[in-house]
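Proteins come first, then strands; the chains are lettered A, B, ... in the order of their sequence lines, and each starts at number 1.
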There are 2 protein chains.
Amino acid sequence: MTVQSAAPKPGPTTGVPSVEDARRLAQMFQLFADATRARILYALLGSDELCVNDIAAALDVAETSVSHALRLLRIAGVVKNRREGRLVYYSLDDGHIRMLLSTSIDHLAHLSRG
Amino acid sequence: MTVQSAAPKPGPTTGVPSVEDARRLAQMFQLFADATRARILYALLGSDELCVNDIAAALDVAETSVSHALRLLRIAGVVKNRREGRLVYYSLDDGHIRMLLSTSIDHLAHLSRG
DNA sequence: ACAATATATGAACAGGTAATCATACGTAGA
DNA sequence: TCTACGTATGATTACCTGTTCATATATTGT
């Protein structure tokens, strides 16, 4: 197969990320690519701090499932937690996350409108 | 198991998205949650229009694989295409996508710095 | 019409992953 | 210490998804 190219070089027009960076990017997006985790994140976007049971109750999802989900988000640095007695409060970790979530909502709205 | 709640009601503090919305959100993020697709998107973020073979060559990925990936992105409205002879040019579909990608890069940088 | 090129798509197989179950851990109160 | 509660985690299972191979479609040139 001969290749008919339109762009002579892979040109770093803005700087194409390395395979490694792309992998990390994808891993990060993967965290949002699950309905349960997405719902958790949006719940946290609303009330800025929630304990595990509150989340489980609000979403009507098993506590175990929520806990597993929060673990992944925590390890990735997307959420942080704080213990107070028996309760553990979770919240979004930084502003980029909030912006990502907001932008994604905008995009969905954009698609809905046509 | 008795639930000790910190927030009396599932309160729509900013408006918790429905299960359906969360599902759509997750599906959208899922598109970015693959290294190949992520690399394609970042390549398109750089040069604003590329044909399939250019992408395959630039990323060193089989053309078939790129084609499958682009199909999903196209159906989801993330990229659009334009035929010119035998070549099909792909580009990002709207500004939200660009902002999402940019924000995600910012977040990664944020994590890297500490 | 035929051949070559560029892209698309269906099927199958391999690897990953979220939900569930069982259980462990940490904390508070009696 | 014992019990109850809130949370965390390992293992299993069932499902989903990306890659590959084979093949189809579209376009151009002879």
Side-chain angles (χ1 to χ4, degrees), chain A residues 1-7 19 22-23 25-41 44 49-76 78-91, chain B residues 1-7 19 22-23 25-41 44 49-76 78-91:
Chain A
M1 180 187 294
T2 309
V3 174
Q4 176 175 353
S5 177
V19 183
R23 206 180 303 275
L25 249 317
Q27 278 185 339
M28 168 190 170
F29 278 120
Q30 189 131 10
L31 289 172
F32 300 77
D34 171 74
T36 297
R37 289 193 297 267
R39 294 178 71 203
I40 290 175
L41 292 173
L44 291 176
E49 211 184 35
L50 291 173
C51 64
V52 182
N53 259 322
D54 280 345
I55 298 173
L59 308 188
D60 192 33
V61 170
E63 174 274 328
T64 300
S65 190
V66 172
S67 198
H68 274 295
L70 286 171
R71 181 172 186 272
L72 295 179
L73 294 171
R74 177 172 18 102
I75 291 173
V78 173
V79 302
K80 59 187 173 188
N81 60 5
R82 168 179 81 80
R83 170 154 242 149
E84 192 174 321
R86 310 182 202 185
L87 302 179
V88 177
Y89 290 91
Y90 280 82
S91 58
Chain B
M1 180 186 293
T2 309
V3 174
Q4 177 176 353
S5 176
V19 183
R23 205 181 304 277
L25 249 317
Q27 279 185 339
M28 169 190 169
F29 279 120
Q30 190 131 8
L31 288 172
F32 300 77
D34 171 73
T36 298
R37 289 194 295 269
R39 294 179 70 203
I40 290 175
L41 291 173
L44 290 176
E49 211 183 34
L50 291 172
C51 64
V52 181
N53 258 322
D54 280 345
I55 298 173
L59 309 188
D60 192 33
V61 170
E63 173 274 327
T64 299
S65 190
V66 172
S67 197
H68 275 295
L70 286 171
R71 181 172 187 273
L72 295 179
L73 294 171
R74 178 173 16 103
I75 291 174
V78 173
V79 302
K80 58 187 173 187
N81 60 6
R82 167 178 80 81
R83 171 154 242 149
E84 192 173 321
R86 310 182 204 188
L87 303 178
V88 177
Y89 289 92
Y90 280 83
S91 57

Would you mind writing out the side-chain donor-acceptor pairs for residues 65-75 of chain A within the sub-3.5 Å range, not counting sequence neighbours?
residue	atom	partner	partner atom	Å
R74(A)	NE	Y90(A)	OH	3.4

TODO: Figure out the CG/C1' separation between D34(A) and dC16(D), and round it to whole Å.
DONE: 12 Å
Task: V78(B) vs R37(B) side-chain heavy atoms within contact, under 4.5 Å - done: no
- [ ] Give the rounded distance in Å between these two atoms: CG of L87(B) and P of dT5(C).
- [x] 13 Å
Task: Atom of R23(A), atom of A35(B) and distance for their closest heavy-atom approach - done: CA-CB, 4.3 Å
Task: Minimum-distance pair of heavy atoms, taken over all atoms of E63(B) and A56(B) - done: CA-CB, 3.9 Å
- [ ] Return the minimal non-hydrogen interatomic distance between L44(A) and V79(A), and the atom names on each side.
- [x] CD1-CG1, 3.9 Å
Task: Under 4.0 angstrom between S65(B) side-chain N/O and dG18(D) OP1 or OP2 - done: no
Task: Selected nucleotide, minimal atom distance to V88(B) side chain, candidates dT7(C), dA8(D), dT9(C) - done: dT7(C)
Task: Sorted by number, the residues of residues 26-33 of chain A with heavy-atom contact under 4.0 Å to DNA chain C - done: Q30(A)
- [ ] Classify the nucleic acid contact of I55(B) as base, sugar-phosphate or nothing, counting any heavy atom under 4.0 Å across all strands shown.
- [x] nothing
TODO: Calculate, to the nearest 0.5 Å, the distance between atoms CG and CD1 belonging to D60(A) and I55(A) respectively.
DONE: 14.0 Å
Open item on the list: Please pick, from dT9(D), dT9(C), dT7(C), the nucleotide with the shortest atom-to-atom distance to any side-chain atom of R71(A).
Closed with: dT9(D)
Open item on the list: Rounded at 0.5 Å granularity, tell me how far CG in L50(B) sits from OH in Y89(B).
Closed with: 9.5 Å
- [ ] Calculate the interatomic distance between R39(A) atom CZ and dA18(C) atom P; express it in whole Å.
- [x] 16 Å
Open item on the list: At under 4.0 Å between heavy atoms, how does the protein contact nucleotides 25-30 of chain D? Give one character per nucleotide, 5' to 3', with B, S or -.
Closed with: -SBB--
Task: Nearest-nucleotide 5' precedence on DNA chain C, Y90(B) against L72(A) - done: Y90(B)
Task: Whole angstrom value for the distance that separates C1' of dT17(C) from CG of L73(A) - done: 14 Å
Open item on the list: Whole angstroms only, please: what is the CD1-C1' distance between I75(A) and dT17(C)?
Closed with: 14 Å
Open item on the list: Less than 4.0 angstrom between a side-chain N/O of T36(B) and OP1 or OP2 of dT19(D), yes or no?
Closed with: yes
Task: Separation of dA4(D) C1' from E63(A) CD (nearest whole Å) - done: 15 Å
Open item on the list: On a heavy-atom basis, which atom in A38(B) and which in A26(A) lie closest, and how many Å separate them?
Closed with: CB-CB, 4.5 Å
Open item on the list: I need the F29(B) CZ to L31(A) CG distance, nearest 0.5 Å.
Closed with: 10.5 Å
Task: Integer-rounded Å distance: dA11(C) P and H68(B) NE2 - done: 11 Å
Task: Minimum-distance nucleotide to R74(B) side chain [options: dA8(D), dT20(C), dT9(C)] - done: dT9(C)
Task: Distance in angstrom units between N53(A) CG and dA4(D) C1', rounded - done: 13 Å
Task: Closest to side chain of T64(B), choosing from dA18(C), dT9(C), dT7(D) - done: dT9(C)
Task: Whichever of R37(A) and S67(B) has its nearest DNA chain C nucleotide further upstream toward 5' - done: S67(B)
Open item on the list: Does a side-chain N or O of Y89(B) approach OP1 or OP2 of dT7(C) to a distance below 4.0 Å, or not?
Closed with: no
TODO: First locate atom CZ of R82(A), then atom SG of C51(A), and finally report the distance between them rounded to the nearest 0.5 Å.
DONE: 10.0 Å
